[in-house]
Amino acid sequence: VQLQASGGGSVQSGGSLRLSCVASGWSADDYFLGWFRQAPGKEREGISVISSDMATYYADSVKGRFTISRDNAKKMVSLQMNNLDSEDTGVYYCAATIGPTTPEYLAKRPQLWGYWGQGTQVTVSS
């Protein structure tokens, strides 16, 4: 079971990036898929989660700027990030978990996620 994230990089404030995460070795169709962010000196926070039936959650800090999507055929979850600012800087992790719950509940509880990708760095300069 592996999650491989990609798409991070450096961008100027106001720019866009698209993160992708591919699952290998298993079928993620029934799983929640999410993106977490860890800024320097801060705890890991859930910024967006999508359920198997396409219900979504966004943290207030990214709502209206970020869009999460999933493609089960490709075993992929993506995060389109627009209008980036310096506070979006951090390491972004994709994650997967399963259970009878909601995207918002899981987003606020990183300890409930069983599978994690390796992280990809996003740096936004002003």
Side-chain angles (χ1 to χ4, degrees):
V1 174
Q2 281 190 325
L3 293 169
Q4 183 72 37
S6 62
S10 297
V11 65
Q12 289 191 330
S13 182
S16 299
L17 285 173
R18 185 177 181 85
L19 305 182
S20 295
C21 178
V22 178
S24 61
W26 57 302
S27 172
D29 292 8
D30 297 327
Y31 282 68
F32 290 88
L33 299 173
W35 289 97
F36 289 75
R37 174 173 71 196
Q38 189 160 21
K42 295 187 177 180
E43 294 185 352
R44 192 172 298 189
E45 64 167 331
I47 56 173
S48 189
V49 176
I50 187 167
S51 70
S52 59
D53 60 357
M54 304 301 180
T56 58
Y57 164 84
Y58 295 96
D60 288 343
S61 60
V62 306
K63 201 172 293 183
R65 301 187 298 122
F66 291 11
T67 303
I68 192 170
S69 60
R70 65 188 291 165
D71 184 334
N72 287 341
K74 296 181 179 179
K75 299 183 179 180
M76 179 183 292
V77 59
S78 299
L79 187 69
Q80 178 66 40
M81 306 186 295
N82 297 329
N83 195 21
L84 287 160
D85 64 41
S86 58
E87 293 192 355
D88 296 315
T89 293
V91 179
Y92 285 68
Y93 298 89
C94 59
T97 194
I98 195 168
T101 183
T102 66
E104 180 172 358
Y105 185 88
L106 288 171
K108 298 177 180 179
R109 293 163 177 82
Q111 69 274 19
L112 297 182
W113 294 74
Y115 303 103
W116 293 87
Q118 84 284 10
T120 185
Q121 176 71 44
V122 171
T123 303
V124 184
S125 57
S126 56

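- No side-chain heavy atom of Asp88 sits less than 4.5 Å from a side-chain heavy atom of Leu17.
- With Ser20 as reference, Ser78 is the one residue of Cys94, Ser69, Ser78 to meet the side chain to side chain contact (heavy atoms under 4.5 Å, CB included) rule.
- Around CD of Gln2, the count of heavy atoms belonging to other residues, nucleotides or ligands within 6.0 Å does not exceed 12.
- Of the inter-residue distances, the one linking Leu33 atom CG with Lys75 atom NZ reads 12.0 Å to the nearest 0.5 angstrom.
- Of the residues listed (Trp116, Tyr57, Tyr93), the one engaging Phe36 in a ring-ring contact (aromatic ring centres under 6.0 Å, His included) is Trp116, and it is the only one.
- Side-chain atoms of Val49 and Trp113, non-hydrogen and from C-beta on, do get closer than 4.5 Å to each other.
- A single hydrophobic cluster is not seen to contain both Met54 and Leu106; linkage of ILVMFWY side chains at heavy-atom distances under 4.5 Å, directly or through other members, places them apart.
- Ile68 contributes atom CD1, which lies 9.5 Å from atom OG of Ser51 (distance to the nearest 0.5 angstrom).
- Thr89 OG1 to Arg37 CZ: the interatomic distance, rounded to the nearest 0.5 Å, is 8.5 Å.
- How far CG of Asn72 is from CG of Asp29: 4.0 Å, rounded to the nearest 0.5 Å.
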- Which is it for Gln121 and Thr123 under the side chain to side chain donor-acceptor pair (under 3.5 Å) test, yes or no, and what are the steps along the way? CA-CA 6 Å; Gln121 176 71 44; Thr123 303; 3.3 Å; yes
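- For Gln118, the CD atom counts as densely surrounded, since its 6.0 Å shell holds more than 12 non-hydrogen atoms of other residues, nucleotides or ligands.
- Both Leu3 and Ile98 are members of a single hydrophobic cluster when ILVMFWY side chains are connected at heavy-atom separations under 4.5 Å.
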Point to revise | Stepwise side-chain contact (heavy atoms from CB on, under 4.5 Å) test for Met81 and Val122 | key: CA-CA 10 Å; Met81 306 186 295; Val122 171; 4.0 Å; yes
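- Phe66 and Tyr92 have tilted rings, their planes meeting at an angle from 30° to 60° on a 0 to 90° scale.
- At a threshold of 4.5 Å between non-hydrogen side-chain atoms, the residues Thr101 and Leu112 do not count as touching.
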* To do: Apply side chain to side chain donor-acceptor pair (under 3.5 Å) to Ser13 and Asp85, showing your working.
  => CA-CA 5 Å; Ser13 182; Asp85 64 41; over 6 Å; no
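- Note on Tyr58: it does not cluster hydrophobically with Phe32, by side-chain heavy-atom contacts below 4.5 Å among ILVMFWY residues.
- The OG atom of Ser48 lies 12.0 Å from the CZ atom of Arg65; values are rounded to the nearest 0.5 Å.
- Going from atom CZ of Arg18 over to atom OG1 of Thr67 covers 8.5 Å, rounded to the nearest 0.5 Å.
- Side-chain atoms of Ser16 and Gln80, non-hydrogen and from C-beta on, do get closer than 4.5 Å to each other.
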